[in-house]
Number of protein chains: 2
Amino acid sequence: MNSSLLDRLRDRGYRLTSQRRVVAEVLDGDHIHMTADEVLEGAVSRLPEISRATVYNTLRELTELGEILELNLDGRSKRYDPNVTRAHHHLVCDRCGLVFDVQFEVEVPSLGLAEKHGMSIRRSEIVHHGTCRTCTG
Amino acid sequence: MNSSLLDRLRDRGYRLTSQRRVVAEVLDGDHIHMTADEVLEGAVSRLPEISRATVYNTLRELTELGEILELNLDGRSKRYDPNVTRAHHHLVCDRCGLVFDVQFEVEVPSLGLAEKHGMSIRRSEIVHHGTCRTCTG
DNA sequence: GCACGACTTGGACTGATTCCAACTTTGTTG
DNA sequence: CAACAAAGTTGGAATCAGTCCAAGTCGTGC
Ligand SMILES: [Mn+2]
Ligand SMILES: [Mn+2]
Ligand SMILES: [Zn+2]
Ligand SMILES: [Zn+2]
């Protein structure tokens with residue numbers, strides 16, 4: 001998994017810098033949905049001199065490579081999801097921003113030509129908005 | 001439709017100011033997904049002295065009333081959708097931001113208790129990301 | 001070892017939205 | 001009607017996330 005990520009980076013002609021390695025390490029996990037700032041925080045704790053700009057650059061690169069998903073769950077910070085292999089939904093608490101994965105056996109409905117308005121579709125996203133238990137009080 | 005919106009505003013104890021009326025008018029339509037700035041622009045053309053702050057205030061109120069939907073389609077500006085009666089998906093061009101409605105007969109899969117992680121769900125959103133015909137070139 | 005392109009950096013900048021304190025409007029009460 | 005309170009509006013400052021940029025560093029091929 002991780003080695004293939006690094007391989008892919010190399011295959012694209014990207015250099016394997018300590019900064020990129022650290023960002024990839026911080027993002028490793030199963031049900032995490034970190035903001036860029038959280039990634040920066042984790043990266044800094046391993047490599048104190050890493051900069052915000054590099055974290056943003058690397059997140060963009062990893063997204064373009066398809067190694068992570070960039071999620072717009074609420075109107076706030078984007079979140080980055082390393083789980084690209086198993087398609088899943090997301091559950092978001094509109095009050096506190098908590099995010100859950102939902103492993104649900106519903107294939108995303110594929111659209112017919114008519115519905116696509118001539119667009120080519122790359123990816124479909126299902127987000128459920130609600131209130132988590134602690135926020136309900 | 002429109003009168004019921006104004007009625008609802010009154011029922012909640014909201015005053016029916018010219019500013020609120022203008023914002024509601026600008027938002028009236030069927031397949032529109034305006035940004036706050038576009039709403040402001042339309043509102044100003046009818047009521048030049050209206051302020052940005054009031055537009056944002058009114059958009060929040062209408063959203064809380066359930067009269068419009070606040071959509072986070074891309075990481076940019078939120079979009080406001082007055083079509084709350086017919087559930088539908090959205091199709092977004094990731095290059096130019098164009099938005100289409102998709103009237104598709106797929107009910108949003110409802111989640112079982114286990115999948116909900118204890119959350120109460122208010123609304124589910126399906127967004128298809130891709131590239132529109134003109135952006136494909 | 002040098003040169004060059006790739007990469008990183010801090011800080012300035014931008015765009016979207018929220019916040020705020022002053023002001024205006026409207027509704028209520030005597 | 002006058003006076004006061006409550007609700008609404010305003011412009012601009014502030015915040016927040018993200019992008020941009022010019023300068024400096026690194027590292028690979030020659
Ligand atoms: Mn996820
Ligand atoms: Mn719509
Ligand atoms: Zn919550
Ligand atoms: Zn497009």
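In what follows, chains are A, B, ... by sequence order, proteins preceding strands, each numbered from 1.
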Results of side-chain hydrogen bond (donor to acceptor under 3.5 Å, both in side chains) for B:Asn57 - residues two or more places apart only: B:Arg60
Nucleotides 8-19 of chain C: protein proximity per nucleotide (B base, S sugar-phosphate only, - neither; heavy atom, under 4.0 Å): SBB-----SBBB
Span of DNA chain D, from the first to the last nucleotide whose atoms fall under 4.0 Å of chain B heavy atoms: D:dA6 to D:dG11
Contacts of type side-chain hydrogen bond (donor to acceptor under 3.5 Å, both in side chains), residue A:Arg133, not counting sequence neighbours: none
All side-chain hydrogen bond (donor to acceptor under 3.5 Å, both in side chains) counterparts of A:Asp81, not counting sequence neighbours: A:His33, A:His88, A:His90
With a cut-off of 3.5 Å and sequence neighbours excluded, list every side-chain donor-acceptor pair involving residues 35-45 of chain B.
{"residue": "B:Thr35", "atom": "OG1", "partner": "B:Glu38", "partner atom": "N", "Å": "3.1"}
{"residue": "B:Asp37", "atom": "OD1", "partner": "B:Arg52", "partner atom": "NH1", "Å": "2.7"}
{"residue": "B:Glu38", "atom": "OE1", "partner": "B:Thr35", "partner atom": "N", "Å": "3.0"}
{"residue": "B:Ser45", "atom": "OG", "partner": "B:Gly42", "partner atom": "O", "Å": "2.8"}

With B:Arg21 via side-chain hydrogen bond (donor to acceptor under 3.5 Å, both in side chains) - residues at least two apart: none
For B:Gln19, all residues meeting side chain to side chain contact (heavy atoms under 4.5 Å, CB included), sequence neighbours excluded: B:Thr17, B:Leu47, B:Ile50, B:Thr54
Sequence neighbours excluded, every pair satisfying salt bridge (charged side-chain N to carboxylate O under 4.0 Å, His left out) that has a member inside residues 82-100 of chain B: A:Arg122-B:Asp94
Terminal axes of the helix from C:dG1-D:dC30 to C:dG30-D:dC1 (five pairs each): angle between them, nearest 10 degrees: 10°
Connected hydrophobic set around B:Val84, excluding itself, where side chains approach under 4.5 Å: B:Leu69, B:Leu71, B:Leu73, B:Val92, B:Val99, B:Val127
CZ-NE2 distance between A:Arg123 and B:His128, expressed to the nearest 0.5 angstrom: 12.0 Å
Partner residues of A:Leu98 under the side chain to side chain contact (heavy atoms under 4.5 Å, CB included) criterion, sequence neighbours left out: A:Cys93, A:Cys96, A:Phe100, A:Cys132
